[in-house]
Amino acid sequence: MGNESNDKAAVSNFIRSIIDKDLENGKHKKVVTRFPPEPNGYLHIGHAKSICLNFGLARDYNGICHLRFDDTNPVKEDVEYVDSIMADIRWLGFDWQDKLFYASDYFDRLYDYAELLIMEGKAYVCDLTQEEIRAHRGTLTEPGQNSPYRDRPAEENLDLFRRMRDGEFEEGSKSLRARIDMASPNLNMRDPVIYRIKKAEHHRTGDKWVIYPMYDYTHCISDALEGITHSICTLEFEDHRPLYDWFLDQLPVPCHPQQIEFARLNLSYTVMSKRLLLQLVKTGVVSGWDDPRMPTIAGMRRRGFSPEALREFADRIGVAKGNSIVDFELLQFCVREDLNKRAPRVMAVLDPVKLTISDYPENKVEELEADNNPEDPAAGKRLIPFSRELYIEREDFSETPPKGWFRLAPGAEVRLKHAYYVTCKEVVKDESGKITELICAHDPASRGGGTADGRKVKGTIHWVSAAHSIGAELRLYDQLFTLADFNAMEEGKDFLDYLNPESLKVTTTARLEPSLAKVSPGERFQFMRLGYFCADDDSAPDKPVFNRIVTLKDSWSKQAGKAD
Ligand code: ATP
Ligand code: MG
């Protein structure tokens, strides 16, 4: 991605204004941002917003964006997540070049800085348990109480801290705390814990450490060590900013990055917390992190969303200072816009009923020409086989059509897309009354549209040639949840109480035009009048599987008046 995308991405926002000023007055010469995921789950669409923001700023200002794994909690982290995060960022179209870092790379320096704080009387070893610390912490209206260990002499603290490091103490029995102010109106400043004992194996440092630094302490120092200029994070860290600045003010770090907060992305009908997403995976509610119903980047990729659509979405929502919920429809809009330009049109019948053209020769097969994409002349044309026996959509026929029905009905005439006009002459049913076949007559002069007498038909329907069509499994998705706003969850309810039982419907009755026999996973199409579909990873040449990406905008199938 070069600078050609500047025009669009450079739409101003308050973060860009800060950067513009910093460059203008010489505070910085080069913009350095970072994306700091914790490798404890797959990335979701909220992360995509942060990635587009951080990498987008670096791109537009000719700077650089670091990828840094915030791996300070060995218990929840996993290399599977590290790998998936890197794959997802690359897929989104961004590149950290050689700037790949791990917070764990700084464990030695973080430790040395902690000793420095101790020697300067700015940190102490506390013997209170986690619960006791919480109880001493006070509330928003009441100050906290000093820990009885707060005034330990520096030498004693140093000795204890080193013995913590050497594994002498049990988990939870001691912690290292910053010595700031137990009466601060900001709870984050009330002597926060900066190191805890955790006798856990780390995915990178192995068993070297039994004490691990806390996020607030690690993050600001990592930023400073990497020379980050603008440390952009979500709003919930606003109250942590004084702590971010406090650590950097106390320590001899190479620079002092500026923390800037923006509103996190919330999407309607979607949960975005990794803890909840993990729960969906672990309990088997979804098939995995890449289930096409998941709001993860991996899920959206598998569903068939393109990186371009996700970047466009990130651009459109922009960055703001206030939290809000973005309508899922906007994401779908971006996906449709993108697919409309790039997805070839093909014909597939979801719920087939046989249509026989009684006046069409029995063994004749015509190859009819069809545009691959009317939006894109470069997409070319293809040939579709047409014969006497076809399948059409069961719901495109009505024996007793309501007023304004333009599709097929007894005695009515419709256009078969790319083919002939046909008129329904007879309806065949089985003993149960179910329609099994529609017998029609065709107008040979109407091939490819138009008639000798200039008469018009309003309805156009899609079809496939019965003998040439192929079967496929189609997976039709809907929202995973029935609740739009999870802030409005009823009391005593769990998010799993709002699962949508209809979020996945699998149909194996579909018949597809034969050009779809050889698709590769990830290929996207518009199944005319039905929606956009993407060949799934499970798809095989003899057994195609398609995910429905999105339905068509205005559900043309219900109107059937408009040709494509
Ligand atoms: P979760 O609450 O799901 O665990 P997190 O914020 O803990 O998310 P991180 O891996 O720490 O996940 O996030 C990495 C970066 O992505 C952070 O800078 C964070 O601010 C940003 N981020 C996470 N969720 C969102 C969101 N919904 N919208 C925008 N940015 C987000
Ligand atoms: Mg986090």
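For ligands, and for the atoms within them, numbers begin at 1 and follow the listed sequence.
- The nearest non-hydrogen atom to atom 2 (O) of ligand 1, considering only Arg264, Arg275, Met272, comes from Arg264.
- For the pair Lys493 and Tyr498, the cation-pi test (distance below 6.0 Å, angle within 45°) is passed.
- In this structure, Lys174 is positioned above the aromatic face of Phe169, its NZ or CZ under 6.0 Å from the six-membered ring centre and within 45° of the axis.
- Counting heavy atoms under 4.0 Å from ligand 1, residue His44 touches it through the side chain alone.
- Annotation for ligand 1: atoms under 4.0 Å from non-hydrogen atoms of Ser50 are 16 (O), 21 (C), 30 (N).
- Atoms of ligand 1 lying under 4.0 Å from any heavy atom of Ser273, numbered from 1 in the order shown and given with element: 3 (O).
- Paired with Tyr532 under the rule side chain to side chain donor-acceptor pair (under 3.5 Å), one option of Arg342, Gln526, Arg524, Arg303 passes, and it is Gln526.
- Annotation: His230 is in aromatic contact with His28 [ring centroid separation under 6.0 Å].
- Ranked by closest heavy atom to atom 1 (P) of ligand 1, the top entry among Glu236, Glu38, Lys274, Lys76 is Lys274.
- When all heavy atoms of Leu530 and Leu552 are compared, the closest pair comes out as N-CD1, 3.8 Å.
- By the criterion of a heavy-atom distance under 4.0 Å, the side chain of Phe35, and not its backbone, is placed next to ligand 1.
- Here atom 27 (N) of ligand 1 lies nearest to Leu265 when heavy atoms of Asp70, Leu265, Leu43 are compared.
- Those atoms of ligand 1 that come under 4.0 Å of a heavy atom in Thr234, given as number and element, are 20 (O), 29 (C), 30 (N), 31 (C).
- By the 6.0 Å and 45° rule, Arg68 does not stack over the aromatic ring of Phe101.
- No N or O atom of Ala263 sits closer than 3.5 Å to an N or O atom of ligand 1.
- Screening Asp536, Asp88, Asp290 for a salt bridge (charged side-chain N to carboxylate O under 4.0 Å, His left out) involving Arg301 leaves a single residue, Asp88.
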